[in-house]
Amino acid sequence: MQKKLVVAMQGVSELPKAYEPVEVENKWFQQWTENGCFRADENSDKEGYSIVIPPPNVTGILHLGHVLNNTIQDILARRARMQGKEVMWLPGTDHAGIATQTKVEKKLREEEGKSKRDIGRDAFLEKVWEWKDTHGDIIINQLKRMGASCDWERERFTMDEDYSKEVTQVFVDLFKEGLIYRGKRMVNWCPVSLTALSDEEVIPKPRKSKLYFINYAYADGSGHITVATTRPETVMGDVAVAVNPKDPRYADLIGKEVIRPIHPAPIPVIADEAVEIDFGTGALKITPAHDKLDFEIGERNNLEIIDVLHPDGTINFPAVPELNGDDRFKARNKAGKMLEAMGAIEKVEEHENNVGFSERADVPIEPRISMQWFLKYPAQEESQKAVGDTADAEITFRPAQWCKTYNHWMNNLQDWCISRQLWWGHQIPVWYKKEKAFDLKEKESLDLSDLEGGDIFVGLEPPADGENWARDPDVMDTWFSSWLWPFSTMNDATQKKFYPTADLVTGYDIIFFWVARMIMAGYRFKGEKPFRNVYFTSLIRDKQGRKMSKSLGNSPDPMDLMDRFGADAVRFSLIKIAPLGGDIRFLENEVKGGENEYPQVDEGRNFANKLYNAARFRQMQGTEPVMLSAEDLNNLPVFHTTILAKLDQLTLDVEKSYTDYRFSEVAQNLYNFFWGEYCDLFLEAIKGDFKKDADPEATRLTLGTIDLVLKRFLAKLHPLMPHITEELSTTMGYITKGFLMKSLEDNSPVLIGIDSEIAVSTAESIYGTASKLRNLKAEYNLVTRKDISLILKTQQESVSDHFPVLGILVGLEKITIDNTYEAEKGTPASATSLGEFYMPLDGLIDVKAETKRLNSEITKIDNELIKSEKKLSNPNFIERAKPEVVKVEQDRLDEWKAKKAQLEEMLASLK
RNA sequence: GGAAGAUUAGCUCAGUUGGUAGAGCAACUGGUUUACACCCAGUAGGUCGGCGGUUCAAGCCCGUCAUCUUCCACCA
């Protein structure tokens, strides 16, 4: 690593001018790992700081959201380390019940043509574990590629033996507390995964469908009532027609009977408040087995439940052979036609409504009555009170706006359906007495009292006479294990040091799934919050604003990006564009026949390259770091003092941004300082100090200043771009033993007891003047000319000290101070804070073009003058605005006036 | 139906107690001056979504409308 830059001094041409990140990044990650840099010591005396990673799905692959999310965590962790804290960033993966099981089932079907039932539960689980063993490392290695400084020796998995034991124990405890119960309820059923889902796993999507208006004849033959439904295929399951008791149209009908048109039978017309008068015809067919609202109405009115569907969504109704066995959607059309054929259809309308889709399988869910386990959430009140939008809250949400969302959900908590009809997951620790198992399965609900009766057994281990018991085949919702993540990943000693964790970084899309539930689990099982701060990251969208998703194929592979641009560049780019609050739009320009372009990542890559080249520039002047003494610091040229003052300001700005969790602002500040202040201004100003005839003492002070700035800057940038900063800190000799990542960051001011004000104003005055003189040259198309001589009229004779620098910055032959200079009329001039510069250019001026230019300049100035004068002539402004604001305005006016007078003079001279 | 956020240069976005609008990319002009063409210097481009209000002064505060995004609830 050191060789490369050393070679640089000997022959620049042999050294790549562009930074090549991949090799450097891999090398440092390996070094860090081998030297235990990421390891957390629970016995350390240092203040503890911890983060638990939001565990990615064990079979998942890295997407940009992960990169952003984990970069932020890495920044927090690395920064805490450099502040001298004992840091534990605890990594791991989630077994992701449905997602993983689905993948393995698919593979089994494709490769062996078998279903999981063909091979049985044990054999299938073996396959899943095999899959986990081969694929589980992928995302972990991808996180490592990013440079994530997790304590990888502590990696956990939600199906680890001891973790599973805790999950099971929690189930047992909550059951014994009466919070977990089993009941026959209406749940969201996924007909593809063949399992129940929690409300949170159902995604409503607007869908166009047909609204069938069906006539139900009165039993006495005196007419009919029309109901509107989107689901004619469930007519056989109808047990009533409901109307609103307040609806005058149907008041007379209540209590009458109508005939169900398919599988005919008389059913009652009943009254229920839940029926909307305005929708459809105001009459609703009640199918308690297949709709949540119908189920409730059925319960209120003691109606029968007729289930007409198989679990897989096909019709289960042999009495109607035309439909029996058909898929629900096929049956829907068929039923519509049947009804039409019998003249029962009044009309069919196009209709758009929300249909609940299964999050995983992406098919419409089926409301279905089934026996499931439910949880009444614990510690609700405490958990709700704890979350606040200010820094002094027990748990602080950032951005604060998510508090509202959280509170709204907490105020409307529904019991959590925690059982899943899957095999992959933590199996429900409940056993049923074998001879009674069938009865118990039929029982409407199970709770504590059944435990006392000895018919069921709930415990960590199977009952002693195991052969007489049958275990509940279902497993728990994946989130029922994830909600314990902040503490079940730690043992007692680790918890003592690192619980509660400091920051949780996650997406706002899992605020209900995970964050809220972890808070409740934390209070219930640890008597304490699980984390102090929750930072919700932006979601990353594509160019068109769509969420990145695998099915859309709109997510670039972060691994490709890191191979092309470097992990540091990808990290920096994402951080820089991720605001506190809103989402990110990630740009990707397709290039025909080439690699796609990513303008935002370019910026990060370019920044790394800029940094690398700035370091190369320093190395070309010698490889030994130069230390400045306190005396040196007092005797620096203004440019040097200025850049150090800006460095001190940068420290303050960055610290402030971190306090507010404004990471993009941190990135922005670092970028602007380094590129704008350090490279564009300071380095350009001091280049004269490296010329052959330069004063060695001046060169020494300059090198010392460069080293001071670079050393500090690399440390500041390290959390964002860990690899390149570690590399350069070492090659530059700023870190001679150990690692930058393990060193403490020195945030004390560089300039102590040194008044930098005059230096800064002088330097800025020179930089500002240089910019104006460049403009002047550009106006006359003389940018390339280095042989220009200027005449300066000024009262500040001492500015001549800075002429060499000005000459370098602007590209000038020489500057002469001559206060007696009488400019020939029309001489191009520029008024600057250093004085008036004149650029005599005999015969170089195109009169016509110049006249035009001057006139347009004057018009512009006139507009400004009018604005400014109007403002200053307003007595209210003078009276009420702050004095300094008025002063600024007056100075501005004076400046415009002077400029205008000058331009007019030039114009006059041209004629 | 309820809630949150967004609307600023061609694009992506900054703009934190109200005081003459900024960056990067793209465009245009010029430049291989020995750190960097992944660069440098310069130019152009915006009645800050519309309307109203508060104020001496509004991108910023208030009201209202429009468009977009997301979340929650949901009418079969």
Side-chain angles (χ1 to χ4, degrees), chain A residues 8 12-13 15 17-19 204 211-212 227-231 234 242 274-287 291-294 351 353-354 399 401-402 404-405 408-409 412 508-509 511-512 539 541 543 545-547 565 569 576-577 579 581-587 589 597 599-600 602-621 656 660 662 664-665 668 671-672 676 679-680 683-684 687 690 771 774-775 777-779 781 783-784 786 808-811 864 867-868 871 874-882 884-886 888-889 892:
Chain A
V12 176
S13 58
L15 175 82
K17 285 183 175 182
Y19 175 57
L211 190 59
Y212 296 81
V227 303
T229 182
T230 53
R231 305 203 57 186
T234 63
V275 179
E276 293 284 335
I277 295 174
D278 298 335
F279 187 87
T281 62
L284 172 63
K285 76 183 193 71
I286 303 300
T287 323
D291 184 274
K292 214 174 162 184
L293 181 66
D294 290 10
H351 176 62
N353 62 339
N354 276 334
Q401 72 214 42
W402 295 110
K404 276 201 175 179
T405 309
H408 183 257
W409 190 72
N412 295 285
Y508 57 77
D509 50 337
I511 186 164
F512 309 134
L539 289 190
R541 301 177 177 282
K543 215 162 119 181
R546 299 174 306 179
K547 219 162 155 173
F565 299 97
K576 192 157 178 280
I577 60 176
D583 290 347
I584 295 180
R585 213 164 275 217
F586 191 80
L587 301 181
N589 298 327
E597 289 173 353
Q600 292 153 329
D602 278 338
E603 198 178 353
R605 188 263 319 261
N606 294 353
F607 186 53
N609 189 56
K610 189 76 175 173
L611 184 62
Y612 167 81
N613 274 293
R616 250 177 96 229
F617 176 63
R618 164 66 184 88
Q619 292 257 304
M620 287 172 69
Q621 323 303 335
K656 172 80 171 75
D660 299 339
R662 294 174 181 272
S664 62
E665 211 174 75
Q668 194 82 47
Y671 184 94
N672 290 344
C679 292
D680 286 350
L683 282 189
E684 293 307 319
K687 275 184 175 168
F690 298 133
S771 170
R774 279 175 188 152
N775 292 349
K777 282 178 71 179
E779 274 168 21
N781 290 322
V783 175
T784 49
K786 306 292 179 210
I808 291 173
L809 291 176
V810 183
E864 300 299 334
K867 264 198 245 169
S868 200
K871 204 164 176 182
N874 180 346
N876 285 322
F877 173 67
I878 306 294
E879 211 172 292
R880 303 205 194 175
K882 287 184 208 154
E884 59 263 34
V885 173
V886 177
V888 166
E889 194 59 45
R892 214 174 264 147

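A note on names: the letters A, B, ... follow the listed sequences, proteins ahead of strands, and every chain is numbered from 1.
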Can you see if the side chain of [X] gets near the phosphate of [N] - specifically, an N or O under 4.0 Å from OP1 or OP2?
X: A:Asn353; N: B:rC75; answer: no
X: A:Asn606; N: B:rC39; answer: yes
X: A:Lys404; N: B:rA3; answer: no
X: A:Lys687; N: B:rA35; answer: yes
X: A:Lys610; N: B:rC40; answer: yes

If you look at every strand shown and take non-hydrogen atoms under 4.0 Å, does [X] touch a base, only sugar-phosphate, or nothing?
X: A:Lys786; value: base
X: A:Asp680; value: sugar-phosphate
X: A:Pro875; value: nothing
X: A:Asp602; value: nothing
X: A:Asp294; value: nothing

Euclidean distance, atom [atom1] of residue [X] to atom [atom2] of [N] [Å, nearest integer]:
X: A:Asn876; N: B:rU55; atom1: CG; atom2: C1'; result: 10 Å
X: A:Arg774; N: B:rG31; atom1: CZ; atom2: P; result: 17 Å
X: A:Asp509; N: B:rU69; atom1: CG; atom2: C1'; result: 15 Å
X: A:Leu611; N: B:rC38; atom1: CG; atom2: C1'; result: 13 Å
X: A:Glu276; N: B:rC75; atom1: CD; atom2: C1'; result: 5 Å
X: A:His408; N: B:rA73; atom1: NE2; atom2: P; result: 8 Å
X: A:Gln401; N: B:rA4; atom1: CD; atom2: C1'; result: 7 Å
X: A:Glu779; N: B:rG42; atom1: CD; atom2: C1'; result: 10 Å

- Message: As an exercise, state the distance from NZ of A:Lys786 to CD1 of A:Ile808, rounded to the nearest 0.5 Å.
- Response: 11.5 Å

- Ignoring the backbone of A:Arg616, work out which of B:rC36, B:rC38, B:rG31 is nearest its side chain. B:rC36

- Note on the structure: Taking B:rU69, B:rA35, B:rA76 as options, the one with an atom nearest any side-chain atom of A:Thr230 is B:rA76

With rounding to the closest Å, how many angstrom separate the [atom1] atoms on [N] and [M]?
N: B:rG31; M: B:rG15; atom1: P; value: 38 Å
N: B:rG49; M: B:rU12; atom1: P; value: 15 Å
N: B:rG22; M: B:rG59; atom1: P; value: 13 Å
N: B:rC39; M: B:rA3; atom1: P; value: 48 Å
N: B:rG19; M: B:rC13; atom1: C1'; value: 24 Å
N: B:rU8; M: B:rC60; atom1: C1'; value: 12 Å

- Hey, which of these two, A:Leu293 or A:Phe512, hits RNA chain B nearer its 5' end, going by closest nucleotide? A:Phe512

- Most 5' of A:His351 and A:Ser771 on RNA chain B, judged by nearest nucleotide: A:Ser771

Taking C-beta and beyond as the side chain, do [X] and [Y] meet within less than 4.5 Å on heavy atoms?
X: A:Phe607; Y: A:Lys576; value: no
X: A:Leu293; Y: A:Leu284; value: yes
X: A:Arg892; Y: A:Glu864; value: no
X: A:Phe690; Y: A:Met620; value: no

- Message: For a quick check, tell me whether the side chain of A:Glu597 and the base of B:rA26 share a donor-acceptor pair closer than 3.5 Å.
- Response: no

- Message: Given the structure, check if the side chain of A:Asn609 and the base of B:rC36 hold any donor-acceptor pair shorter than 3.5 Å.
- Response: no

- Message: Please encode protein proximity along nucleotides 8-24 of chain B as a string of B, S and -, counting only heavy-atom distances under 4.0 Å.
- Response: ----SSS-B--BB---S

Which atoms form the tightest heavy-atom contact between [X] and [Y], and what is the distance?
X: A:Gly811; Y: A:Lys777; result: O-NZ, 2.7 Å
X: A:Val886; Y: A:Ile878; result: CG1-CD1, 4.1 Å
X: A:Tyr612; Y: A:Ala18; result: CE2-C, 3.9 Å

- Using modelled atom types only, decide if a donor and an acceptor are shared between the side chain of A:Glu597 and the backbone of A:Leu587 within a distance under 3.5 Å. no

- Query: A:Phe279 vs A:His351 aromatic rings, parallel, tilted or perpendicular, using cut-offs 30° and 60°?
  - Reply: perpendicular

- Looking at A:Phe617, is A:Lys687 sitting on its ring face, NZ or CZ under 6.0 Å from the six-membered ring centre and within 45 degrees of the normal? yes

- Message: My validator wants the stems of RNA chain B: runs of 3 or more consecutive Watson-Crick or G-U pairs, both distances under 3.5 Å, written as range with range.
- Response: B:1-7 with B:66-72, B:10-13 with B:22-25, B:27-31 with B:39-43, B:49-53 with B:61-65

